[in-house]
Amino acid sequence: MVAGVVTALSLLHLMDLTRTLLAESQARAELIANAIYHQTREVVSSRETAYEELRSSASVRAALEAAIYSEDVTDAVIVDRAGAIIAANDRDRVGQTVAPRASLSALLAAGGLAQLRAVYSGGQTLEWAQPIKMGDQPFAEVRIGFSTILVRRDLNQSLRPAALAAGVALLVAVLLAMLLAQVVLRPIHVITSGLSRLGRGDLGATLDLRDEEFRDVGDMFDRVSAQLRAVGSGRLQPAQLVELSRRIAGIGRLTTGVTHEAKNPLNAMTIHLELLKEKLADPAAAAVHVDVIAKEIRRLDEVIQRFLQFVRPVELSLAPVVLAPLVAGVLEVVRPEAERAGVLIECRCTNGALSVEGDAALLRDALLNLAQNALQAMPGGGRLSIACGPAADGRVEIRVADTGAGIPPEHLALIFDLYFTTKTGGSGVGLPTVYRTVTVHNGDIGVESVEGRGTTFTMTLPALQSR
């Protein structure tokens with residue numbers, strides 16, 4: 001991407017320089033043609049004798065010969081209305097007919113790419129023409145020829161410093177981008193490498209995360225690795241093994257999401273660092289790119305902070321939790337928002353015997369997150385229902401249902417992935433947090449949705465065992 005930006009800027013610079021050189025050639029042509037024109041006005045006395053006077057005038061011929069010493073000029077002639085040469089810098093050409101040549105003014109009116117093709121497509125002569133009039137009627141024309149080979153030579157000489165500067169800027173930008181990538185993404189690569197070792201069966205894998213911000217992730221990984229070694233020794237129960245598998249899969253999804261989220265700001269910073277180098281001479285223009293880089297750095301910091309908050313080990317405060325008052329409290333919180341949106345609330349969780357052993361604050365936050373998501377899916381009104389009931393195998397289930405827009409089928413498999421969101425301004429952390437809460441309570445969560453008819457989330461948790 002940096003190479004593409006540098007190439008595009010270099011091409012724009014090349015086109016601008018080509019236009020400038022052609023404009024300078026036109027200015028010289030106008031100056032030379034005007035000088036020759038004024039010389040002819042002093043020589044010509046009448047229209048009937050004009051051609052002979054121009055042909056025999058030593059001063060006109062001297063002006064034509066002096067013209068070819070100007071930069072890029074190849075010839076200077078005066079022709080009659082039929083195109084036959086009356087006077088020229090080369091006397092042998094008098095009487096010959098001038099072959100048609102491309103117009104310098106027409107090329108200047110063309111686009112930058114057309115000008116580049118004209119200059120670099122081989123040697124050709126461009127022409128600038130100025131009529132010579134007697135009264136209001138033109139009777140002859142001054143024509144000045146310019147070689148594109150000479151223009152190309154001047155262009156190449158001017159490009160050498162610019163090409164060197166672009167090459168140095170590209171090299172510095174690439175090296176800086178590589179350095180930033182190594183510094184920022186090193187913890188992600190370490191985590192990915194450790195997971196790969198675990199996947200190959202290396203149960204002694206640990207994470208060498210020296211950064212303080214990622215130390216909690218390393219500690220959690222080391223605990224998981226130690227528990228896997230315990231599995232190999234036969235000290236871990238099957239249910240615990242299932243829980244460990246869930247945790248490892250969750251870490252894998254997290255590292256993938258964070259790597260993607262971290263690379264986007266890095267790419268943007270790299271591009272705008274390059275643009276900043278191009279505009280350092282203009283503080284106002286450079287400030288725009290500085291603001292973009294600062295914004296992307298803040299965004300990268302927010303991504304990492306959300307990642308650390310999400311993967312930090314959960315401290316559970318386990319206690320008996322009666323579901324009926326828990327659900328009622330959540331619905332009371334969202335009721336004002338529901339009334340504003342015209343959403344009817346139904347509470348079908350009144351069985352005071354349904355209880356789980358868990359962290360009441362975490363379970364409340366998970367239910368509140370699902371309820372708020374449901375309200376956001378029904379901006380034009382609808383029905384929100386939370387129901388509780390017994391499930392198979394000594395478990396209970398909590399169903400949060402809405403009659404909103406529903407979830408597209410292609411998104412159902414992604415909604416619990418960290419940073420996946422379809423909402424404008426969404427963080428992509430809410431549903432993954434719900435998933436984590438249910439998982440650490442040794443539960444499950446599922447979703448059923450039909451577009452245009454609504455969505456139902458079902459949380460299944462172990463029931464509180466009587467003692």
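Please read all numbers here as calculations on a predicted model, not as lab measurements. When a residue number appears, it is its place in the shown sequence, counting from 1. Below, all heavy atoms of this structure are taken into account, side chains as well, without hydrogens, waters or symmetry copies.
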Which heavy-atom pair separates [X] from [Y] by the least distance, and what is that distance?
{"X": "V396", "Y": "A463", "answer": "CG1-CB, 3.9 Å"}
{"X": "L464", "Y": "P320", "answer": "CD2-CB, 3.7 Å"}
{"X": "M459", "Y": "L367", "answer": "SD-CD2, 3.9 Å"}
{"X": "S449", "Y": "T455", "answer": "OG-OG1, 2.8 Å"}
{"X": "D359", "Y": "H441", "answer": "N-NE2, 2.9 Å"}
{"X": "L375", "Y": "A338", "answer": "CD2-CB, 3.8 Å"}

Between R335 and E332 (salt bridge meaning N to carboxylate O under 4.0 Å), is one present in this structure? yes
Hey, mind stepping through S103 and E127 against side chain to side chain contact (heavy atoms under 4.5 Å, CB included) and telling me if it holds? CA-CA 5 Å; S103 170; E127 185 176 81; over 6 Å; no
Stepwise, does the side chain to side chain contact (heavy atoms under 4.5 Å, CB included) test hold for L126 with R101? CA-CA 6 Å; L126 304 174; R101 298 186 290 194; over 6 Å; no
Contact between [X] and [Y] at the side-chain level, heavy atoms closer than 4.5 Å - yes or no?
{"X": "P462", "Y": "E357", "value": "no"}
{"X": "M15", "Y": "L113", "value": "yes"}
{"X": "L384", "Y": "M378", "value": "yes"}
{"X": "L22", "Y": "Q115", "value": "yes"}
{"X": "V447", "Y": "L412", "value": "yes"}
{"X": "E451", "Y": "P408", "value": "yes"}
{"X": "T403", "Y": "R453", "value": "no"}
{"X": "V98", "Y": "R143", "value": "yes"}

Identified side-chain contact (heavy atoms from CB on, under 4.5 Å) partner of L461 from the options V321, V438, I445, D444: V438
Please lay out, stage by stage, how L431 and F457 fare under the test side chain to side chain contact (heavy atoms under 4.5 Å, CB included). CA-CA 11 Å; L431 286 178; F457 284 90; 4.2 Å; yes
As a quick check of understanding, evaluate side chain to side chain contact (heavy atoms under 4.5 Å, CB included) for C347 and V327, giving each step before the final call. CA-CA 8 Å; C347 178; V327 170; 4.2 Å; yes
At what distance, to the nearest 0.5 angstrom, does [atom1] of [X] lie from [atom2] of [Y]?
{"X": "I386", "Y": "I398", "atom1": "CD1", "atom2": "CD1", "result": "8.5 Å"}
{"X": "L344", "Y": "E339", "atom1": "CG", "atom2": "CD", "result": "10.5 Å"}
{"X": "L354", "Y": "E397", "atom1": "CG", "atom2": "CD", "result": "10.0 Å"}
{"X": "E337", "Y": "Q376", "atom1": "CD", "atom2": "CD", "result": "6.5 Å"}
{"X": "I144", "Y": "E30", "atom1": "CD1", "atom2": "CD", "result": "11.5 Å"}

Is the number of heavy atoms from other residues, nucleotides or ligands under 6.0 Å of R19 CZ greater than 12? yes
According to the interplanar angle, ranging from 0 to 90°, do the rings of Y435 and F416 count as parallel (below 30°), tilted (30 to 60°) or perpendicular (above 60°)? tilted
